[in-house]
Amino acid sequence: MLTLYNSLARGIEPFEPRKRGRVKMFTCGPSIYQRPHIGNYRTFLFEDILQRYLEYLEYAVERTLNFTDVEDKSIQEATKLNMDVLELAERNSMVFFRELVMLRIKPPDHNPRSSTSVEQAVSLIEELLKKGYAYWYRGNVYFDPLKFEGFGKLSRVDKSRWPQGKKRFHRDTYPGNRWNLGDFILWHGYRKGDTIFWDSPIGKGRPAWNVQDPAMAVQTLGFEIDIFCGGIDNMVRHHDYVIAVTESVSGKPLSRYWLHGAHLLVEGKKMSKSKGNIIYPDELQKAGHTPEEIRFFLMYRHYRKRLNFTYDKLKKTSAKLKLALGAVESLQGAAGTGTGDAGVRELTGRLRKDFERNMDNDLDVRLAFDDMLEVLLKLKRLADSGKVSPQDASDAVGELRKMDYVFQLLFTDNTAPHAVT
RNA sequence: GCCAAGGUGGCGGAGCGGCUACGCAAUCGCCUGCAGAGCGAUUACACUCCGGUUCGAGUCCGGACCUUGGCUCCA
């Protein structure tokens, strides 16, 4: 049985969807004002593995991956580049989709953008105003978290430290105070000189970040979903806000499971523009690595552990992948005598059991791969010495294919979760 | 400053109360016409430090030191 670490419970729990056999997943997408780096892809990759494993388990998965295309940062960046905000987003989203395909990440079922869910955001804001959670202040709309009873349940906010006096921030981002606790903005009312805004029932303006994700989630999946994912950095503030906004409106828990992926570091340090150590997938390709090698590197560590990127490590994991690929090739070419071998069948039988045991354990991809490789290498040796009959080889390869629907590393044409060979 | 994660052999990385992790690298041997790959073996006491619990501790408890991350937006 699949178990997952739920940030909400701070522990590993058995996975049970709300509706039998169906899973609704919301995965926080990239800020699209710049192109995604390998750290972003690590998170999308962990989500991809989750989706694929759920499909392997025969769940019908419906996934949303959103783009935050209109926000302070994107407006800033577009202004700097002298571009239209939406044009900038479009350019980066094309890069993103190209790289998704390259890394064999399954494209999402829904891909809303903040700019395409303004209506939904406005209706959430109207509802919050009506219910008294939100209020107008100098042309903007703010949310008062203290009005929402469950506030901070995800990141375990200490409400006794929450400022009681009203503090109003005009931007989502604000420098200064260590604990910027206080009300957060939902709607930026139009101001002279604004380059992007909408006409809406509540006036001219644009929705703020913390209402955009709720709007996109609700618009595509409704108020009750199964799994909400994102990078660990989103847990503390953003996801608590998302919960506050949606649950204040619906009165129902937004998501049963909250999963957060740990970050990727480069040479032991956080990637940042100022350090100049941001790495993009195409750089690794230029260095001679295949998409599968990049995918493998990024998924070959438990998703809740930090992953340190170094070229040396990439070289090592790539060698490991090559070893596996070579073994699969040997196995596929096996032409031993047709009698079959009990040892071979025993090994083949182990593949699936090991895989499911490891993946069920909060997606232990690393162990799942290592255990598979161990068995695979044993099979290869048997194949090399002519002990594997064509039928046994094809049985073993069939098992590998099923697992590789999740891994997406060994076979290139593996698009169905229950491939028949 | 506050919060969190972590400090394991040359490197990467498991284990989390007793039993060889493992992989890479290195060294030696076997095999191969060279190279590569493969096979086998070796690398004498690897677990940051100091206390404690225990018959027994990388593994539990307390403390110190160090590293990284978060506390502003960020996958």
Side-chain angles (χ1 to χ4, degrees), chain A residues 7 10 27-48 65-68 71-77 96 99 105 155-158 161 169 171-182 184-185 208-210 212-213 228-241 259-274 278-280 297-298 300-324 326-327 330 358 364 366-367 369-371 373-374 377 380-381 384-385:
Chain A
S7 299
R10 299 282 159 96
T27 54
C28 272
S31 323
I32 206 74
Y33 68 91
Q34 56 189 12
R35 54 181 299 207
H37 51 62
I38 57 171
N40 297 109
Y41 286 112
R42 184 196 182 197
T43 300
F44 304 136
L45 220 28
F46 121 67
E47 293 158 351
D48 185 56
L65 184 149
N66 68 301
F67 286 161
T68 304
E71 238 318 292
D72 293 352
K73 282 272 173 77
S74 60
I75 293 169
Q76 224 173 54
E77 184 74 10
F96 177 67
E99 290 178 339
I105 296 171
S155 72
R156 313 250 166 127
V157 167
D158 180 357
R161 291 178 62 194
F169 300 102
R171 289 147 43 90
D172 278 344
T173 56
Y174 27 83
N177 307 332
R178 188 174 299 142
W179 264 111
N180 266 310
L181 304 178
F184 61 90
I185 191 163
W209 186 46
N210 288 304
Q212 291 174 339
D213 275 21
F228 206 108
C229 301
I232 187 67
D233 52 286
N234 280 312
M235 183 174 100
V236 165
R237 198 54 60 80
H238 180 50
H239 285 167
D240 271 324
Y241 288 168
L259 270 58
H260 295 98
H263 279 181
L264 175 131
L265 305 177
V266 171
E267 303 284 355
K269 301 274 190 227
K270 187 181 169 170
M271 277 191 279
S272 74
K273 264 189 183 161
S274 57
I278 298 180
I279 297 178
Y280 302 99
F297 179 90
L298 293 174
Y300 189 56
R301 183 136 218 260
H302 195 269
Y303 74 92
R304 283 190 291 112
K305 286 189 169 179
R306 281 183 206 148
L307 172 63
N308 187 25
F309 176 89
T310 66
Y311 276 99
D312 186 52
K313 240 159 79 167
L314 174 58
K315 227 160 67 185
K316 282 177 179 167
T317 56
S318 297
K320 185 171 253 186
L321 180 58
K322 277 195 191 107
L323 192 64
S330 295
N358 289 316
D364 194 341
R366 187 188 189 100
L367 241 197
F369 188 89
D370 281 350
D371 283 352
L373 184 57
E374 196 188 318
L377 290 176
K380 176 209 184 286
R381 268 172 227 138
D384 287 347
S385 54

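Just so you know, these numbers use all the heavy atoms, side chains as well, and skip hydrogens, waters and symmetry mates. Below, read A as the first sequence line, B as the second, and so on, with proteins coming before strands; counting in each chain starts at 1.
- Closest contact between the side chain of A:Arg237 and the listed nucleotides B:U72, B:A75, B:U68 involves B:U72.
- Both geometric conditions, a ring-centre gap below 5.5 Å and a plane tilt below 30°, are not fulfilled together for A:His263 over the base of B:G69.
- Contact annotation for A:Arg304: no contact, since no heavy-atom pair falls under 4.0 Å across all strands.
- Along RNA chain B, the nucleotide closest to A:Lys380 and the one closest to A:Gly261 are compared, and the more 5′ of them pairs with A:Lys380.
- Within the nucleic acid shown, A:Gly39 comes within 4.0 Å of at least one base atom, counting heavy atoms only.
- Note on A:His260: nothing from the nucleic acid sits closer than 4.0 angstrom, heavy atoms only.
- For A:Tyr280, there are no ring pair (Phe, Tyr, Trp, His ring centres under 6.0 Å) partners two or more places apart in sequence or in a different chain.
- Residues passing the salt bridge (Lys or Arg N to Asp or Glu O under 4.0 Å) test with A:Asp371, sequence neighbours excluded: A:Arg357.
- Not one side-chain nitrogen or oxygen of A:Lys313 sits closer than 4.0 Å to the OP1 or OP2 atom of B:C24.
- Consecutive Watson-Crick or G-U pairs involving RNA chain B, each under 3.5 Å on both distances, make up stems of three or more pairs at B:1-7 with B:65-71, B:10-12 with B:22-24, B:26-30 with B:38-42, B:48-52 with B:60-64.
- Remark: A:Asn40 pairs with A:Pro36, A:His37, A:Phe44 by the side-chain contact (heavy atoms from CB on, under 4.5 Å) rule, at least two apart or across chains.
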Extract from the structure each pairing of a protein N or O with an N or O of nucleotides 3-10 of chain B at less than 3.5 Å, listing the distance.
none

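- Closest approach of A:His302 to A:Asp364, counting heavy atoms only: CD2-CA, 4.1 Å.
- A:Asn234 comes within 4.0 angstrom of sugar-phosphate atoms only, judged by non-hydrogen atoms across all strands, and of no base.
- Remark: A:Thr27 pairs with A:Arg63 by the side-chain hydrogen bond (donor to acceptor under 3.5 Å, both in side chains) rule, at least two apart or across chains.
- Across all strands shown, A:Lys320 has no heavy atoms under 4.0 Å from either base or sugar-phosphate atoms.
- Its glycosidic angle being more than 90° from 0, B:G51 falls on the anti side.
- Residue-level contact check: A:Leu264 touches the bases, meaning some heavy atom is under 4.0 Å from a base atom.
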